[in-house]
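Below, each value reflects all heavy atoms present in this structure, side chains not excepted, and no hydrogens, waters or symmetry copies. Heads up: numbering here begins at 1 and tracks the sequence. Note that this is a predicted model, so its numbers are computed, not measured. Just so you know, ligand 1 is whichever comes first in the structure, and atom 1 is the first atom listed for that ligand.
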Amino acid sequence: MSRHRNVKNLELEEYDADEPVEELTDEQEEQFREAIAAVQETVEGLPVTNKEIADTVWYYYFDVEKSVNYLVKSCTARAEEKNGKDESHKKKPPKQEQKQKQTVEAQPSTKNASASLNVSMKKLNLNGKEQTGEKSKDEEETQTPRKQESSLLIDVPKIYEESQPKPVVHLVVTGHVDSGKSTMLGRIMFELGDVNTRSMQKLHNEASNQGKGSFSYAWLLDSTDEERLRGVTMDVAATSFESHKQIYEVGDAPGHKDFISGMIAGAASAEFAILVVDSSQNNYERGFLANGQTREHAYLLRALGVSELAVAVNKLDLMSWSLDRYNEIKASVSDFLIRMVGFKEENVHFIPVSAVSGVNLIEKSSSPLYTWYNGPTLIEVLDNFNPPLKAYRGPLRVSVHDTYRSVRGATISGRVESGNIQNGQVLYNVSSQEDAYVKAVMRNSDPSVSWAVAGDNVTVQLTDIEPNQISLGDILSTYSDPVKRSKSFTADIQTFDILGPILSGSTLVLHRGRTVAPVAVKIINVNGKKARHITSRKRASMQVNFLEGLYPVCTSEESPSLSRIILRRDGNTIAAGIVKTIL
Ligand SMILES: Nc1nc2c(ncn2[C@@H]2O[C@H](COP(=O)(O)OP(=O)(O)OP(=O)(O)O)[C@@H](O)[C@H]2O)c(=O)[nH]1
């Protein structure tokens, strides 16, 4: 299932996916009721429904005069339309009006935004929807802004700098199916106090009742019925946790090979990774030695720009905490990662753990492990990762990981890849050429502020846009500095071990974050020499042409994470690389 879930702050006993709309204060409710009554009285006799009245009053934020004017105009327009007259009166309420309300909200708020953002969110895309590009035209358009930015927006970079933030590390957790990735994340969140004991106990009871007691920590991340029933993660789930030193935005990637695109999406937005290796009898052999997903994941991580890894050798409790087993795994996996995949030795860190019992994750407890191990715990290794500086003053780029229907528009979850975003801003979606007001920004790692900067995972409530005008993989920007849409680009790529060469003119499937699209490739050179085909483990430069319309494309200079691409053929990942120039 396609989703990018924020699982932190989830009160399990209170969670209800069908919970309705927004919370108003008592005072607002009173204002709302009075305004509706006043408008009803004034427009009595006109063909408008109570719902239209309520929507309009909310739109104009209880302004009776503006609501009446709008309703009268729209009734007139409807009547004229019926009579076959000019349709140009069918205008929506002007956006500038709503702006006034939003700029008030743009002030930094100390209130918990998650409470005010109690939106009924109905998922639109349940399956990783592929972009078809149908809406695209071949010629690139220049847009004139339809909505005006307010002059009252706050100086986000300045406020961000003054807040002296903790560094944010983007992590992806990868590894062969069932190696214990979700369990590890769930247990870390529990140990750090992000999930309270009562919620954990409740989840444990539920899991036990279904004969899945050992999955209770994993269920914190695997939240859909199907995932719980099958005991596998089917798509990347987003969560965050915080140590005393850094904040971690984490993607729990699926391990099963059928769900590789979720793994790619998670890895493409990460700077660091935890590679989980199952040390138990036969499972290590299956997951690593027998060409399991551990290997493919390691190649993908490297090709997508992840340069530093924590390798968690998991389930050592099942191997009686054997030092020999740990050393055997460490020797062969590190040889593979360093010699074959190309990680630097100093960037690969091995840690023995047991995810399910929480041994060596956060603090050292009493365990037979410590009779022979005196190195760092997993969190101590993670705390030594140094995230790159954020491009929070750059052009705004927000990648869309998921979309939901919400009141008066759409809500998206995604990530600010560069620049900064705040309530009251106008965003532009180059794919649909639609714009929208930002009604509420909720930063996943700190929902109490109404702005976010590069590197933050966010949930953004948008108004004045239809949910179907935003798709997974879209990149939201501003009018003044929009993302480019293009039919082709050049990329530097690295091929993996492939069956049969890639020929000039081949049709492949491109993955970029959540975008999945068919492309044709033209080889420019291989290892610096002109060529018409590429074989295994070669560096090459190629031209990539989308087969169906235009897509938003970013170069590595514009946004390193958005420039990362993967090429697949017949269900296998054959190459990964970076967009260099847009043609
Ligand atoms: N004994 C033992 N079992 C573990 C440990 N870690 C995880 N498990 C079990 O391994 C099984 C799979 O765990 P998951 O966390 O679902 O594995 P996963 O890697 O997230 O699976 P996918 O996301 O589907 O690839 C569950 O039954 C866990 O309880 C461990 O350290 N020791």
Side-chain angles (χ1 to χ4, degrees), residues 1-5 7 171-191 195 200 203-204 206-208 210-239 250-267 273-284 286-288 292-298 300 310-322 325-326 329 351-362 365 367-369 373 377-378:
M1 190 167 89
S2 170
R3 73 237 118 86
H4 203 81
R5 299 157 298 184
V7 294
L171 260 187
V172 63
V173 184
T174 61
H176 192 69
V177 64
D178 275 352
S179 52
K181 300 175 288 298
S182 307
T183 303
M184 184 175 294
L185 275 177
R187 184 77 203 212
I188 289 175
M189 287 162 65
F190 176 66
E191 299 276 325
V195 182
M200 201 58 242
L203 201 59
H204 185 69
E206 271 178 43
S208 301
Q210 294 185 32
K212 302 256 177 200
S214 71
F215 283 89
S216 51
Y217 291 107
W219 277 22
L220 279 170
L221 284 296
D222 296 341
S223 59
T224 68
D225 288 347
E226 196 178 355
E227 283 177 319
R228 291 179 172 191
L229 190 72
R230 293 175 60 173
V232 293
T233 305
M234 295 168 75
D235 196 0
V236 64
T239 188
V250 194
D252 176 26
H256 198 286
K257 60 179 171 15
D258 288 355
F259 308 116
I260 191 78
S261 60
M263 185 276 162
I264 292 169
I274 302 177
L275 182 65
V276 183
V277 180
D278 185 339
S279 68
S280 61
Q281 207 60 54
N282 298 329
N283 285 340
Y284 165 64
R286 250 197 306 269
F288 180 70
Q293 291 318 106
T294 317
R295 287 172 187 266
E296 185 176 19
H297 285 188
L300 280 170
V311 183
V313 180
N314 192 29
K315 305 196 190 179
L316 271 175
D317 55 309
L318 294 178
M319 299 303 294
S320 311
W321 297 103
S322 160
R325 180 67 162 177
Y326 175 70
I329 292 172
I351 310 109
V353 297
S354 166
V356 81
S357 46
V359 173
N360 211 34
L361 297 181
I362 309 293
S365 52
S367 160
L369 170 68
Y373 180 77
T377 62
L378 179 61

Less than 4.5 Å apart, any side-chain heavy atom of [X] and any of [Y]?
{"X": "Ser179", "Y": "Asn314", "result": "no"}
{"X": "Asp317", "Y": "Val359", "result": "no"}
{"X": "Trp321", "Y": "Ser354", "result": "yes"}
{"X": "Leu378", "Y": "Ile188", "result": "yes"}

Could you pull out, from [options], the option with a heavy atom nearest to [atom]?
{"atom": "atom 13 (O) of ligand 1", "options": "Val359, Thr183, Val313", "value": "Thr183"}
{"atom": "atom 1 (N) of ligand 1", "options": "Leu185, Asp317, Thr174, Val173", "value": "Asp317"}
{"atom": "atom 25 (O) of ligand 1", "options": "Lys181, Met319, Lys315, Arg187", "value": "Lys181"}

### Query
At a non-hydrogen distance cut-off of under 4.0 Å, which region of Asp178 contacts ligand 1 (side chain, backbone, both, or neither)?
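Both backbone and side chain.
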### Task
Examine the proximity of ligand 1 to Val177 and report which part, side chain or backbone, both or neither, has a heavy atom under 4.0 Å away.
both
Return yes or no for this condition: an N or O of [X] is under 3.5 Å from an N or O of ligand 1.
{"X": "Ser354", "result": "yes"}
{"X": "Gly180", "result": "yes"}
{"X": "Ala355", "result": "yes"}

### Message
Need the ligand 1 atom indices (1-based, order shown) with element for anything under 4.0 Å from a heavy-atom of Leu318.
### Response
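In order of numbering, the contacting atoms are 1 (N).
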#### Entry: Of Val313, Asn283, Thr294, Leu318, the residue whose pairing with Asp278 passes side-chain contact (heavy atoms from CB on, under 4.5 Å)
Asn283
### Query
Please walk me through it: do Tyr284 and Met319 pass side-chain contact (heavy atoms from CB on, under 4.5 Å)?
CA-CA 11 Å; Tyr284 165 64; Met319 299 303 294; over 6 Å; no
### Query
Of all heavy-atom pairs between Thr183 and Val356, which one has the smallest distance, and what is that distance?
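The answer is CG2-CA, 3.8 Å.
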### Task
Using non-hydrogen atoms of the residue, decide whether Gly175 is closer than 4.0 angstrom to ligand 1.
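Contact check Gly175 vs ligand 1: negative.
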